[in-house]
Amino acid sequence: MHPDLSAELCARLREAFLNTGYTADGVVDALGPQAHAALGRGEPEPARRASKDAGSLGTLIRMFLLGDHEPEQDVRKALDGVDIDDAVKNEVLAPVPGAASLKAGLDVRPYEDNWWVIADLDSDLRGGAVPEDHVLGVGHASISLARATKRTPVGTLLDLGTGCGVQALHAGTHAQRITATDLSERALRLAQGTFRMNELNVETLQGEWFGPVRNRRFDQVVCNPPFVVGPPRVDFVYRDSGLGGDDASALVIRQLPAFLNEGGVGQLLASWVHRKGEDWEERVSGWLPRGGIDAWFVQRDIAEPALYVGTWLKDAGVDPRSPEGRQKAAAWLDWFEENDVQGVGFGYVTLRRTDEMHSQVICEDLRHAYDDPLGPEAARWLDNIAWLRANPDLLGQRFRVADTVLLEEVSEPGDEGWRKVVARLHRTDGPGWQHEVDEATAKLVAGCNGALPLEDLLALLEFAYGEIDAEAALPIVRDLIRHGMLIPA
């Protein structure tokens, strides 16, 4: 049996949470920045101490966020108006055997702008490995995808593999109608609770991959698929697809365009293997249908096999030193070795359906640290690609340098003073794009102030510095436009 998080139960919980201040801001205010930061690091004791004087809010913090057992009378007071028996029946709360206390049965926690997300308790709060049908809560991957998603208003949006409903929750800020699917009945039950808690109307459908929405199209599709790379098995439904290697990511990328309206955008997290002698860019590009799709693959990290296996074992609460952990790790590493896998790449994929004859497929490494969300950059990238397609003759165009672009020069000491080693253009906002440039390109970009077309700037440079290869300059200009460093004036 799975929980039935009814509209009435969710409305009562919402009212109680608002009354006690059990919101994202309320928790931070109650704990203070230091204890809250410690909780984020997995160190609960400072939060436990800070919550002692927080009354009913402290009760909810300790019960839901720290996994503590709380006196039943205190829980009833904190959840005034909630049918406690109904909450226990549907796993929100759980009785403590032999004590007049209650504990959390589900992970119900505040999230962002006065939202709440309902998921299963993680391995730390459970005190052991999670079950196969575990419904993952708000994690690094889901937050990363939410930050990387384009938020331009759309009519229809599909959240494929919704899990606990995080992506659909964010979609409520910019989509008029939202559909959420999942293979797991339990995931859909908890996601429905998340939607009801946040008073968000979402169509929920159960089924495998795109099956539940066959013959439908959407303005936007977001997907956090079970992208873990390894043997074709399912240990945990939230991460394993039953497909071998990176076939889950390939399946979504291959099929997603057929479910987009013209001009529609799909965005997902994905993984791909790095094999000896194989180019990762050719591998992922080969997953796309022929033509009609603009695609941007952004590789954020590459993990070597041992680190990859250890990370995912710990994520599920499996001790790599235990007999179970050793057996799983051995089988996983054997599979990597048998398939010549040297590493696993991870990143974001943005797709746009287009009827243009010349679609663009760009694969880029973006492995340095940056703070700004990638979503606005994805929207900018799509706009820039469309502009480049509509304006193939760059020589007649005027450009200006983005306000956030700097020219950085690195020099080293030499026999006759400082000798310039490298010069690079650096955009200081967004994902912090950098381009190494030669002296001629630096001067060309410096002249882009919107006054003269590109062909006149090239002519001036040729007059001042000798022969300039315009054909060689154009690909660099295109890259700078795509990365928002040169802006059409």
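We're numbering straight along the sequence, starting at 1.
- A donor-acceptor pair is defined here as one N or O able to donate and one able to accept, closer than 3.5 Å; such a pair exists between the side chain of Asp182 and the backbone of Gly163.
- Under the 30°/60° scheme for interplanar angles, the aromatic rings of Trp332 and Phe336 are found to lie parallel.
- Among all heavy-atom pairs drawn from Ala270 and Ile253, the shortest one is CB-CD1, 4.3 Å.
- Salt bridge status for Arg189 with Asp4: absent, with no side-chain N to carboxylate O gap under 4.0 Å.
- Taking the six-membered ring where the residue is Trp, Tyr111 and His170 present perpendicular rings, their angle passing 60° and hence far from 30°.
- Distance alone, capped at 3.5 Å, places no donor-acceptor pair between the Arg400 side chain and the Leu486 backbone.
- A salt bridge links Arg14 with Glu199: the distance from a Lys NZ or Arg NE/NH1/NH2 to an Asp or Glu carboxylate oxygen falls below 4.0 Å.
- For His134 and Tyr238, the distance between ring centers is under 6.0 angstrom.
- Taking each heavy atom of Val117 and Cys164 in turn, the nearest pair found is CG1-SG, 3.5 Å.
- Under 4.0 Å is where a charged nitrogen must lie from a carboxylate oxygen, and between Asp294 and Arg353 no such pair does.
- In this structure, Asp246 pairs ionically with Arg283, as a charged nitrogen and a carboxylate oxygen lie closer than 4.0 Å.
- Considering all non-hydrogen atoms of both residues, Phe259 and Asn215 come closest at CE2-N, 4.3 Å.
- Between Arg186 and Glu91 there is a salt bridge, with a side-chain nitrogen of the basic residue lying less than 4.0 Å from a carboxylate oxygen of the acidic one.
- We find that Glu203 and Arg216 are joined by a salt bridge, their nearest charged nitrogen and carboxylate oxygen being less than 4.0 Å apart.
- Gln267 and Thr149 are not linked by any side-chain donor-acceptor pair at a separation below 3.5 angstrom, with hydrogens and angles left out of the test.
- A side-chain donor-acceptor contact under 3.5 Å links Gln299 and Asp365.
- A salt bridge links Glu377 with Arg427: the distance from a Lys NZ or Arg NE/NH1/NH2 to an Asp or Glu carboxylate oxygen falls below 4.0 Å.
- Between Phe346 and Phe227, the ring centre distance stays below 6.0 Å.
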